[in-house]
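Encoded as structure tokens, the structure appears first; notes follow it.
Chain identifiers are assigned alphabetically (A, B, ...) following the order of the sequence lines, protein sequences preceding nucleic acid strands; residue numbering begins at 1 within each chain. Since this is a predicted model, take the numbers as computed values, not measurements.
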There are 2 protein chains.
Amino acid sequence: MTNLEKECVKAGLKMTGQRKIILNVLSQSEDHPSVEEIYERSKEIDSSISMATVYRTIGLLHELDLVIRHDFKESFARYELNHKDHYHLIDMETGKVIEFESEEIERLKEKIAEELGYEVVDYRLELYGKRKS
Amino acid sequence: MTNLEKECVKAGLKMTGQRKIILNVLSQSEDHPSVEEIYERSKEIDSSISMATVYRTIGLLHELDLVIRHDFKESFARYELNHKDHYHLIDMETGKVIEFESEEIERLKEKIAEELGYEVVDYRLELYGKRKS
DNA sequence: ATACATGCAAATAATTTGCTCTCAG
DNA sequence: CTGAGAGCAAATTATTTGCATGTAT
């Protein structure tokens, strides 16, 4: 049983075949798949899996804070496993998503929230850019 | 004719009654209204205005870069007139949106994009927080 | 005059949900 | 065994679009 699976069980979820597959797909994914994509990748392993199950599972994982949801200015959402703090730069020409980290932003967001009398519960930082010629 | 109206005309849009109303509603709004809300506020001025028109108008204004679109982790979008660079902190308990500015973030985002070989075309920075007790 | 806008209603697209059956614990 | 979970299809929600009619320029 993987770590991720253990976390789910600990949270009270039953470890069904479908959930194992979806968790596995997410673990294998280096990108930020949409529900549709997660569904497609999961179907390659078990073709009987349904969209509804993918939606419900992703929803649960999101509640458990195991996956993060992104809205990259598209009509649908993208997901990824919640690993360390990082940010995204979206190439507006190719749609490619580049991840980056930044200690400075980390500090800055805490500082700003602090000044406003708030504690950061969640955040979102995305840059949309064009490759320099 | 307001400045905003002039900008629209300059871009080739016809200045219809509906558009004037919507522009006016946006100018008056201190918050970040959804299309539904813009529609409600507009209807108080001219009850015959339709959702389709609001959607289309907002879409055009967005293309002209006169309004910015926000996805504050809700199921719908919110809009506001595009004034100077600023960011948002969303109070997770009340949903209230607090605007703030930050020279540092301004510089930082340029620097980061630069390092990745990109030019910033657009960006998004939101903090989601809980009020400190 | 005429191309662009509007209102209405129907169409889309993403996501959610009701219901019945299945299976993990 | 029993309640949580799955699949299917229908429902919902936000947004978009086709079309006949209206209007700013």
To the nearest Å, give me how far apart [atom1] ([X]) and [atom2] ([N]) are.
X       : N      : atom1 : atom2 : answer
A/Glu37 : C/dA14 : CD    : P     : 12 Å
A/Glu74 : C/dT12 : CD    : P     : 22 Å
A/Arg69 : C/dT15 : CZ    : C1'   : 9 Å
B/Arg78 : D/dT15 : CZ    : P     : 11 Å
B/Phe76 : C/dT16 : CZ    : P     : 14 Å
A/His62 : C/dT16 : NE2   : P     : 11 Å
B/Tyr39 : D/dT15 : OH    : P     : 15 Å
A/Lys43 : D/dA6  : NZ    : C1'   : 16 Å

* I would like to know whether B/Tyr123 and B/Tyr87 meet ring-ring contact (aromatic ring centres under 6.0 Å, His included); could you show each step before the answer? => CA-CA 10 Å; B/Tyr123 64 87; B/Tyr87 311 91; 5.6 Å; yes
* Asked: Got a salt bridge between A/Arg78 and A/Asp31, using NZ or NE/NH1/NH2 to carboxylate O under 4.0 Å?
  -> no
* **B/Glu5/B/Arg19 salt bridge by N-O under 4.0 Å criterion** => no
* **Contact list for DNA chain C against residues 6-14 of chain B - heavy-atom distance below 4.0 Å** => B/Leu13, B/Lys14
* Where do B/Glu101 and B/Asp85 come nearest, in terms of heavy atoms and distance? -> CG-O, 3.9 Å
* For C/dT6, does OP1 or OP2 lie under 4.0 Å from any side-chain N or O of B/Arg19? ->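 Yes, B/Arg19 has a side-chain N/O under 4.0 Å of OP1/OP2 on C/dT6.
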* Does B/Gln18 place a side-chain N or O at less than 4.0 Å from the phosphate oxygens OP1/OP2 of C/dG7? ->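 For B/Gln18, the contact criterion (side-chain N or O under 4.0 Å from OP1 or OP2 of C/dG7) is met.
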* **A/Thr16 side chain, from C-beta outward: closest of C/dT15, D/dG5, C/dA5** =>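 The answer is D/dG5.
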* **Contacts of type salt bridge (charged side-chain N to carboxylate O under 4.0 Å, His left out), residue A/Lys96, not counting sequence neighbours** => none
* **salt bridge (charged side-chain N to carboxylate O under 4.0 Å, His left out) evaluation trace for A/Asp122 with B/Lys73** => CA-CA 11 Å; A/Asp122 195 5; B/Lys73 307 203 178 197; 2.7 Å; yes
* **Within residues 48-61 of chain A, residues whose heavy atoms come under 4.0 Å of DNA chain D** =>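 Nucleic-acid contacts, sorted: A/Ser48, A/Ile49, A/Ser50, A/Ala52, A/Thr53, A/Arg56.
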* In terms of hydrophobic clusters joined by side-chain contacts under 4.5 Å, are B/Ile98 and B/Tyr79 together? ->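 Result: no, two separate clusters.
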* Going through the distances and angles, do A/Gln18 and A/Ile21 end up as a side-chain contact (heavy atoms from CB on, under 4.5 Å)? -> CA-CA 5 Å; A/Gln18 292 89 331; A/Ile21 290 172; 5.7 Å; no
* Is A/Glu37 reaching over with its side chain to a backbone N or O of A/Ser34, donor-acceptor style, under 3.5 angstrom? ->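 At least one qualifying donor-acceptor pair exists.
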